[in-house]
K.L.:
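Below is a structure I'd like to ask you about.
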Amino acid sequence: MEAPYIETQEVSFRDFRNSVIEDYRLGRISREMSYLGRREVLTGKAKFGIFGDGKELPQLAMAKVFRNGDFRSGYYRDQTFAMAINAVSVESFFAQLYADTSVDREPASAGRQMNGHYATRSLNEDGSWKNLMQQKNISSDISPTAGQMPRLLGLALASNIYKSVKFEGSEKFSNGGNEVAFGTIGDASTAEGHFWESLNAACALQVPMIVSIWDDGYGISVPTQNQRAKADIAEMLSGFQRKEGENQGCEIIQVKAWDYPALLDAYARAEHFARTESVPVVVHVIEVTQPQGHSTSGSHERYKNEERLKWEGEFDGLAKFREWILDYAIEIEGKDESLATAEELDAIDNEAKRFVKEGQKKAWENYQKPISDLTNTILPLVEKLKEANPEVSSEIEKFSKIIAVAKKDIFHLARKTLLLTRDNDSADRQALAAKLDEIYAVEKDNYSSHLYSQSMLKATNVQEVPAVYSDNSETVDGRVVVRNNFDKIFEKYPETLVFGEDAGNIGDVNQGLEGLQEKYGDVRIADTGIREATILGQGIGMAMRGLRPIAEIQYLDYILYCLQGMSDDLATVQYRTKGGQKAPVIIRTRGHRLEGVWHSGSPMAGIINLSKGILILVPRNLTKAAGFYNTMLQSDEPALIVECLNGYRLKEKQPENLGEFTVPVGKIEITKEGRDVTLVTYGSTWRLVMEAATELEKIGISAEVIDVQSLIPFDLTHEIAESVKKTNRLVVIDEDVEGGTSAFILQQILEKQKAFRYLDSDPLTISAENHRPAYASDGDYFSKPSVDDIVEKVYAVFNESDPAKFPQI
């Protein structure tokens with residue numbers, strides 16, 4: 001085990017001096033980056049800027065205890081830290097400010113995130129894992145305040161997991177659990193629920209986590225005393241302070257942002273507690289200044305009085321650091337030694353300005369070259385079409401007056417030219433159209449790739465393995481199928497673990513994990529507190545460190561607690577890093593029809609629209625659910641799998657090849673063939689649709705029933721359109737509210753699959769009432785589509801087209 005920083009403080013004065021001066025140099029470079037970055041925004045060369053000036057010293061101290069294999073989960077003010085661990089350079093800092101789409105020049109997000117959002121690349125170009133133990137790791141930042149906290153919990157908990165879990169390749173992700181997860185957050189964001197939920201869970205689980213709170217006294221313009229119950233967050237957290245002999249709680253360290261030696265000591269102690277004792281630590285960094293205010297969107301002079309502004313000038317961290325360096329004196333062997341002279345520090349200041357300016361200039365030139373190349377490619381092609389339409393000359397003139405040309409300006413010129421010359425089929429116009437298609441494909445990749453995995457392990461590449469049955473196959477409760485399949489999964493994949501409310505000791509509320517904790521231990525089959533947001537975050541962080549977590553949310557209704565993390569974090573991991581990171585967590589839940597307002601909601605439309613980037617799988621029974629788990633564990637993508645809540649006690653035949661059979665994603669299943677109408681549905685409603693189809697058959701209507709199975713991705717081979725081509729009628733049955741998932745399904749079938757061409761009747765949707773279902777079976781009957789509803793509404797379609805044959809009921 002690598003010794004913590006606190007145990008390696010014996011250094012020579014020369015080494016100490018070099019370290020201090022290097023910190024000063026880095027701090028000055030970072031400050032100059034902030035100053036110049038703001039000017040670049042205000043002069044129009046960048047859209048927005050948010051910087052870490054004022055926080056340089058604590059971040060330098062934090063970087064000293066950050067080791068290979070460690071992870072950071074932070075927010076958008078940690079540029080000094082990122083520089084100190086060599087995750088950001090001056091050039092990459094400004095490349096991000098300009099939104100440069102080159103991964104080489106802007107490796108954190110390839111221009112997809114605003115400045116200050118950092119990430120290291122965990123993946124090789126083919127999507128395979130790098131050796132994360134050979135680098136210092138930053139999990140990709142997100143803007144929503146405190147949204148980084150749930151993920152931080154998972155990153156820290158993974159270290160505890162790796163103390164007992166080993167598998168082939170696990171050495172890439174951990175050295176016996178010796179890694180620490182570092183989090184950063186602004187003091188105002190500690191008012192967010194995610195902060196409290198995450199810290200509470202960390203204190204209960206005792207994970208190696210260090211949370212730094214940068215306390216500058218304000219949340220944008222709102223002073224701290226208006227943010228929380230107490231202005232001093234350390235005082236508020238005092239009840240979390242661990243007691244001697246207890247294995248709960250955390251350590252709390254308060255330190256001033258301008259006190260360099262105290263910061264070094266604070267982070268040395270924090271690392272010791274976290275890395276050596278696996279105790280979470282809160283480092284409350286107070287008296288932080290913000291020399292340029294919150295961001296380029298406004299001025300802090302509007303809400304800070306003169307006294308505060310004067311204090312910030314006097315207690316600026318770098319100014320105090322300079323004072324400390326100049327005042328430092330020590331006698332060694334009878335000789336007075338100092339750290340640096342004022343002239344030496346002045347030279348460092350001047351060099352920092354020059355160094356930053358050179359880096360900014362290089363970043364701007366690199367950013368501008370592809371734009372210049374595009375202009376030089378497109379403009380000559382456009383000019384050839386001036387004679388074809390005089391308005392083209394006007395467009396060229398407008399383009400020539402643009403001071404800072406962007407890609408969108410070039411594309412607008414080309415597209416407008418093609419519109420103006422639409423009646424001209426010359427070779428010159430064809431050349432422009434062909435070139436536009438070519439460069440558009442490049443920009444499509446620059447701005448829209450990697451929403452889903454592009455590796456060989458993407459879910460759609462997993463081969464279908466049908467469930468195998470024999471004459472001896474048992475007919476059992478659905479819960480038994482999924483439980484026995486999980487048994488095979490945990491036996492087959494040692495990196496797989498499941499956790500959630502009641503998931504461990506009692507084997508989940510529906511006994512889908514019955515007996516598995518006893519067999520595989522409480523590390524891999526674990527109970528959690530009632531804390532859905534951090535159950536998801538636990539999964540995200542673990543998955544980022546090579547584990548294969550199954551995060552169980554007890555009911556679909558409660559997935560709404562997770563939706564912010566699903567939408568802002570998990571769904572965007574691959575996209576916002578352009579394939580640099582992944583988090584293949586499986587979210588397990590159960591939902592759809594049961595009784596009661598809060599155990600039978602079906603908010604699927606919200607989920608599918610807010611979670612693009614996560615596969616949304618809706619199996620109709622537990623065998624199909626088991627197959628989806630088997631599929632997703634062979635892929636490198638995140639997924640939500642919604643088990644049918646009313647299916648656990650229904651009988652199913654158990655496959656012989658548990659743990660092996662797969663259900664393909666993006667593939668529908670025709671569960672009943674028919675001639676007259678296509679009925680499309682999913683999940684628990686499928687049983688009702690099948691029953692309704694039987695009733696319709698009796699009155700002369702032959703219905704084809706399609707189980708969607710996978711909402712995202714949706715029917716990749718367009719089989720539904722082929723069904724509609726045969727039947728000429730389409731009905732979508734869904735237990736979401738009207739305009740919910742049914743609207744998405746219709747858009748996919750009518751617009752994407754062009755099935756409208758085959759319709760002889762208006763498409764119909766049959767959905768739930770626009771409220772949660774009322775309690776009990778009667779509530780379900782009157783709130784959601786019933787067999788009677790389906791039969792009558794489908795019948796009405798035929799009554800409209802042929803009232804003689806199908807008289808009104």
Side-chain angles (χ1 to χ4, degrees), residues 29-30 32-52 76-83 85-125 138 140-143 295-296 355-378 402-413 438-451 454 572-581:
I29 289 172
S30 181
E32 293 301 329
M33 286 160 55
S34 297
Y35 288 158
L36 185 54
R38 183 179 180 86
R39 290 198 291 273
E40 291 296 279
V41 174
L42 297 182
T43 55
K45 290 164 75 175
K47 293 286 287 184
F48 176 78
I50 195 160
F51 307 106
Y76 42 74
R77 294 200 186 275
D78 293 350
Q79 70 200 45
T80 309
F81 170 82
M83 285 187 64
I85 67 165
N86 295 316
V88 168
S89 66
V90 174
E91 288 87 349
S92 68
F93 173 87
F94 283 99
Q96 188 175 65
L97 188 69
Y98 301 138
D100 194 325
T101 56
S102 166
V103 169
D104 293 332
R105 294 190 293 270
E106 204 280 89
S109 74
R112 294 180 178 187
Q113 297 219 81
M114 68 175 70
N115 84 296
H117 291 71
Y118 303 116
T120 50
R121 302 194 75 77
S122 301
L123 307 179
N124 299 304
E125 286 190 14
I138 295 177
S140 176
D141 293 339
I142 56 176
S143 288
S295 71
T296 56
F355 183 70
V356 170
K357 184 60 182 175
E358 287 180 356
Q360 173 270 322
K361 183 180 179 183
K362 182 177 180 182
W364 178 251
E365 290 172 352
N366 288 336
Y367 168 67
Q368 284 289 296
K369 188 177 186 307
I371 297 174
S372 176
D373 291 345
L374 272 179
T375 301
N376 294 335
T377 298
I378 293 297
I402 298 172
I403 296 173
V405 174
K407 292 177 185 176
K408 66 182 179 67
D409 301 315
I410 302 165
F411 276 77
H412 173 72
L413 175 65
E438 179 186 322
I439 63 175
Y440 186 82
V442 173
E443 301 309 328
K444 180 80 171 176
D445 179 77
N446 281 337
Y447 294 100
S448 298
S449 69
H450 290 91
L451 180 59
Q454 295 184 195
T572 66
V573 167
Q574 290 225 36
Y575 171 76
R576 71 180 190 264
T577 61
K578 199 179 182 184
Q581 295 184 1

K.L.:
Just by modelled atom types, is the Trp364 backbone N or O under 3.5 Å from a matching donor or acceptor in the Gln368 side chain?
P.N.:
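No; zero donor-acceptor contacts below 3.5 Å.
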K.L.:
Quick one: does any side-chain atom of Tyr76 pair with a main-chain N or O of Tyr118 as donor and acceptor, under 3.5 Å?
P.N.:
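Not at all, since once roles are kept as given, no pair shorter than 3.5 Å links the two residues.
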K.L.:
Any chance you could measure Glu438, atom CD, to Thr377, atom OG1, to the nearest 0.5 Å?
P.N.:
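Here the interatomic distance stands at 8.5 Å.
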K.L.:
Between Asn115 and Ile50, is there a donor-acceptor pair closer than 3.5 Å when you use the side chain of the first and the backbone of the second?
P.N.:
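A pair under 3.5 Å: yes.
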K.L.:
Hey, is the main chain of Pro107 close enough, under 3.5 Å, to the side chain of Arg121 for a donor-acceptor pair?
P.N.:
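Confirmed, Arg121 side chain pairs with Pro107 backbone.
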K.L.:
Rounded to the nearest 0.5 Å, what separates atom NZ in Lys361 from atom CD in Glu365?
P.N.:
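Going from the NZ atom of Lys361 to the CD atom of Glu365 covers 5.5 Å.
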K.L.:
What's the shortest heavy-atom distance between Thr296 and Val41, and which atoms?
P.N.:
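Nearest pair, atom of Thr296 first, then Val41: OG1-CG1, 3.6 Å.
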K.L.:
To the nearest 0.5 Å, tell me how far Arg576 CZ sits from Ser140 OG.
P.N.:
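Between Arg576 CZ and Ser140 OG, I get 4.0 Å after rounding to 0.5 Å.
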K.L.:
Check the surroundings of atom CD in Glu358: do more than 12 heavy atoms from other residues, nucleotides or ligands lie under 6.0 Å from it?
P.N.:
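Count over threshold, so yes.
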K.L.:
Is there a side-chain contact between Lys45 and Gln360 in this structure, where contact means two heavy atoms from C-beta onward sitting under 4.5 Å apart?
P.N.:
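Lys45 reaches Gln360 side chain to side chain.
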K.L.:
With a 3.5 Å distance limit and no angle check, can you tell me whether Glu91 reaches the backbone of Lys362 through a side-chain donor-acceptor pair?
P.N.:
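Between the backbone of Lys362 and the side chain of Glu91 there is no qualifying donor-acceptor contact (under 3.5 Å).
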K.L.:
Gln96 and His117: which non-hydrogen atoms are nearest, and at how many Å?
P.N.:
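Minimum heavy-atom separation between Gln96 and His117: NE2-O, 2.7 Å.
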K.L.:
Check whether any side-chain heavy atom of Leu36 sits under 4.5 Å from a side-chain heavy atom of Phe93, and report yes or no.
P.N.:
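The answer is no, as the side chains (C-beta and beyond) never meet within the 4.5 Å cut-off.
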K.L.:
Is the shortest heavy-atom distance from the side chain of Ile439 to the side chain of Ile378 under 4.5 Å?
P.N.:
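Of all side-chain heavy-atom pairs linking Ile378 with Ile439, at least one is under 4.5 Å.
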K.L.:
Give the minimum heavy-atom separation between Thr101 and Lys407, together with the two atoms involved.
P.N.:
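For Thr101 and Lys407, the tightest heavy-atom pair comes out as OG1-NZ, 3.1 Å.
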K.L.:
To check you understand the geometry: which heavy-atom pair defines the closest contact between Ile410 and Thr375, and what is its length?
P.N.:
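Looking at all heavy atoms of both residues, the shortest contact is CD1-OG1, 3.3 Å.
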K.L.:
Minimum heavy-atom separation for Tyr367 and Asp100, please, with both atom names.
P.N.:
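So the minimum-distance heavy-atom pair works out to CA-OD2, 3.6 Å.
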K.L.:
Taking side chain as C-beta onward, heavy atoms only, is Asp445 less than 4.5 Å from Lys578?
P.N.:
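Yes - at least one pair of side-chain heavy atoms lies under 4.5 Å apart.
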K.L.:
Has the side chain of Arg112 got a donor or acceptor atom that lies under 3.5 Å from a matching backbone atom of Asn446?
P.N.:
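Between the backbone of Asn446 and the side chain of Arg112 there is a qualifying donor-acceptor contact (under 3.5 Å).
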K.L.:
May I ask you to check whether over 12 heavy atoms, not counting those of Tyr440, lie within 6.0 Å of atom OH?
P.N.:
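It does not: Tyr440 OH has 12 such atoms or fewer within range.
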K.L.:
State whether the side chain of Gln581 and the backbone N or O of Ile138 hold a donor-acceptor pair below 3.5 Å, judged by distance alone.
P.N.:
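Confirmed, Gln581 side chain pairs with Ile138 backbone.
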K.L.:
Mind checking the CZ-OG spacing from Phe81 to Ser30? Nearest 0.5 Å is all I need.
P.N.:
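Result: 12.5 Å between the selected atoms.
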K.L.:
For Ser92 and Glu106, work out which heavy atoms get closest and say how close.
P.N.:
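Residues Ser92 and Glu106, closest heavy atoms: O-CG, 4.1 Å.
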K.L.:
At what distance, to the nearest 0.5 angstrom, does CE of Met33 lie from CZ of Phe94?
P.N.:
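With rounding to 0.5 Å, CE (Met33) is 6.5 Å from CZ (Phe94).
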K.L.:
Testing the 3.5 Å rule here: is there a donor-acceptor pair between the side chains of Glu40 and Tyr98?
P.N.:
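Yes - a donor-acceptor pair under 3.5 Å links their side chains.
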